[in-house]
Structures are given as C-alpha cells and as structure tokens.
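Below, each value reflects all heavy atoms present in this structure, side chains not excepted, and no hydrogens, waters or symmetry copies. Since the structure is predicted, the reported quantities are computational estimates derived from the model, not experimental observations. Proteins get letters first, then strands, A, B, ... in listed order; numbering begins at 1 in each.
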Number of protein chains: 2
Amino acid sequence: MAKGKSLEELTDPVFYILIALVEPRHGYAIMQYVKEETQGTFKIGPATLYTIIKKLLGAGLIEAEPESDPRRKTYAATAAGITKLEEEVERRKRMVDLGMCVLQAKGRKK
Amino acid sequence: MAKGKSLEELTDPVFYILIALVEPRHGYAIMQYVKEETQGTFKIGPATLYTIIKKLLGAGLIEAEPESDPRRKTYAATAAGITKLEEEVERRKRMVDLGMCVLQAKGRKK
DNA sequence: AAATGATATATCAAAAACGGATATAAAGGA
DNA sequence: TCCTTTATATCCGTTTTTGATATATCATTT
C-alpha cells in the first residue's frame with residue numbers, strides 16, 4: 001500500500017510531524033504543537049495529518065502506543081523514525097548552508 | 001493562471017532552482033548544478049525543471065534574460081526572488097534548529 | 001560522413017502530496 | 001441547553017512532482 005521511494009526526502013509537513021513525535025503525542029496534539037512551534041505560520045489540518053500518520057506508520061517511522069482510550073490514540077517515533085529525522089535534519093542543514101553560501105557570495109560581489 | 005498562496009513556502013526542488021539562479025543559468029545548467037551540488041543525491045528532471053521555471057517566472061521571482069540564442073535561454077533570480085530566497089533560508093533554518101533542539105533534548109533524557 | 005553521446009528545451013499524462021470542507025462525537029463550561 | 005474545544009477521520013479537488021517521450025543541436029569519434 002503506497003510504499004516505495006517516498007519518504008526518502010521528507011516534505012515540510014512530514015518533517016514537522018516527525019519532530020512532534022520525538023515525544024509521544026496524539027493527533028490533535030501534533031496539530032497544536034506545530035501551530036505553536038511555528039507561531040501559527042505553519043498549520044497542519046486534519047486531512048494532511050492523518051494521511052501522513054498513516055504513511056509514517058506504514059513506513060515504520062512511528063508507532064501507535066497500545067492504549068485503552070480510542071479517543072486519544074498516541075503515536076511516537078520509532079528508533080528508525082529518530083534515525084530518519086536525524087538524517088533529514090542533516091540534509092536540510094546542508095540545503096540551508098548552500099543557500100546562505102550562495103547568497104553571501106552574491107552579497108560580496110555586488 | 002494558477003496564482004495564489006503557492007510559493008509561500010518553497011518546496012525542495014523550487015528552493016534548489018532558486019538557489020541555482022542566484023547566478024544566471026540556463027535550464028540544463030540548473031539541472032547539472034543541483035546534481036553536482038548535492039553529489040547526485042537530488043536530481044531535477046526536465047519536467048520538474050521547466051514546470052517550476054514557468055511558475056517562478058509567473059511569480060516574478062526569476063526572469064529570462066533577453067538573448068539572441070533560443071537554444072540557451074538564461075534565467076536569473078530577480079530582486080524579489082533573492083528576497084524570497086533569503087526568507088526561505090531563514091524559515092528552513094528555524095526548522096532545522098527545531099529538529100536539532102528536539103533531538104538533543106531526547107538525547108539528554110535517555 | 002555517419003554515428004554517438006552530451007547538451008538543451010519542452011510537454012503529456014499519471015502519480016503523489018496536500019489541504020479545505022465536512023462529519024462525527026464526547027467533554028466542559030456558560 | 002448551547003457553544004466551544006478536543007479529537008479522529010475521510011471525501012475529493014487542487015497542486016506538485018516526475019517518468020517518459022519528443023525534438024534538435026553540437027562535439028567527438030569511427
């Protein structure tokens with residue numbers, strides 16, 4: 001079911017959701033976390049959220065904690081999820097560095 | 001034509017293409033630049049490239065340099081494009097910082 | 001001169017990702 | 001009781017991405 005090359009590079013919403021799940025959180029808490037953490041700049045709606053949760057579960061990057069209450073399903077990143085997040089942070093760091101480097105080079109010239 | 005909220009947050013390929021166009025480059029050179037700069041990790045194919053070029057042109061973030069040779073249309077980021085790129089670098093920096101911060105906090109606890 | 005590989009631009013059609021709207025339901029406060 | 005917040009979930013349209021394909025030129029090799 002929809003496996004494959006996806007999740008090689010994480011998109012912004014996937015990245016945020018994985019970050020949120022370094023600590024165990026349930027769906028609604030993830031939405032709030034991202035909204036707060038970004039000062040409302042980045043919002044994840046329910047459609048995006050639950051779509052991505054399913055995908056992350058399928059990829060084994062997060063897992064649902066077996067809980068009694070079905071009204072508050074709690075998820076958390078697996079070891080593989082943490083590793084993936086670390087890699088993604090590095091990948092994004094390189095992108096930012098490239099951007100800064102190129103912009104700085106332009107600044108020096110002009 | 002397909003304007004709107006898009007390009008608020010830049011996706012990875014859009015980000016790379018804008019970075020490439022801080023210096024004037026033609027399409028094919030953009031593809032090569034990204035491939036080289038990422039050690040082949042991130043590849044942009046012609047479909048993605050020319051689709052995004054059109055969108056960036058429409059948004060006024062890049063412009064085509066009026067040249068005689070139609071076989072090497074050169075593009076470059078406009079002032080607005082540079083500003084946008086600077087903003088995006090900052091936005092992405094904050095995302096990376098959040099990721100590092102959260103991972104580090106986890107590391108301390110465990 | 002013909003062939004080949006690299007350069008270069010472009011589009012189609014399909015897949016993948018995203019997100020607004022909507023539905024449902026329970027809990028808590030006015 | 002009514003309203004707001006919490007909470008999960010999906011429908012379905014839009015946007016984004018991309019593999020495949022087409023075309024053409026240039027440089028190098030055979």
Examine distances only and state if a side-chain atom of [X] and a backbone atom of [Y] form a donor-acceptor pair shorter than 3.5 Å.
X       : Y       : value
B:Thr78 : B:Leu61 : yes
B:Lys54 : B:Leu49 : no
B:Thr38 : B:Val34 : yes

Would you say a side-chain N or O of [X] is under 4.0 Å from OP1 or OP2 of [N]?
X       : N      : value
B:Tyr50 : C:dA10 : no
A:Tyr28 : D:dT6  : yes
A:Lys54 : D:dT10 : yes

Could you tell me the separation between the [atom1] atom of [X] and the [atom2] atom of [N], rounded to a whole number of Å?
X       : N      : atom1 : atom2 : answer
B:Gln32 : C:dA8  : CD    : P     : 7 Å
A:Ile53 : D:dA9  : CD1   : P     : 8 Å
B:Lys55 : D:dT14 : NZ    : P     : 16 Å
B:His26 : C:dT7  : NE2   : C1'   : 8 Å
B:Tyr16 : D:dT17 : OH    : P     : 14 Å
B:Lys35 : C:dA8  : NZ    : P     : 13 Å
A:Ile17 : D:dT8  : CD1   : P     : 12 Å
B:Met31 : C:dA6  : CE    : P     : 14 Å

Compute both the distance and the angle, then confirm whether A:Arg92 meets the cation-pi test with A:Phe15: under 6.0 Å from the six-membered ring centre, within 45 degrees of the axis.
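Yes.
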Hey, does B:Gly27 reach any base, or is it just sugar-phosphate, or nothing, if we go heavy atoms under 4.0 Å?
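Here B:Gly27 touches the backbone only, sparing every base.
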Looking across every strand, which nucleic acid part, if any, lies under 4.0 Å from A:Thr51 by heavy atom: base, sugar-phosphate, or nothing?
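Answer is nothing: A:Thr51 stays at 4.0 Å or more from every strand.
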Choose from [options] the nucleotide whose nearest atom is closest to any side-chain atom of [X].
X       : options               : answer
B:Thr48 : D:dT6, D:dA9, D:dT18  : D:dT18
A:Lys73 : C:dA8, D:dT8, D:dA9   : D:dA9
A:Arg72 : C:dC18, D:dT17, D:dT6 : D:dT6
A:Ala47 : D:dT10, C:dT7, D:dT17 : D:dT10

Toward the 5' end of DNA chain C, which comes first, A:Thr11 or A:Pro46, by nearest nucleotide?
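Its nearest nucleotide being more 5', the pick is A:Thr11.
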Residue whose nearest DNA chain C nucleotide is more 5′ - B:Thr74 or A:Lys43:
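Closest to the 5' end, via its nearest nucleotide, is B:Thr74.
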What's the separation between atom CD in B:Glu63 and atom CG in B:Leu57, rounded to the nearest 0.5 Å?
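B:Glu63 CD to B:Leu57 CG: 9.0 Å, rounded to 0.5 Å.
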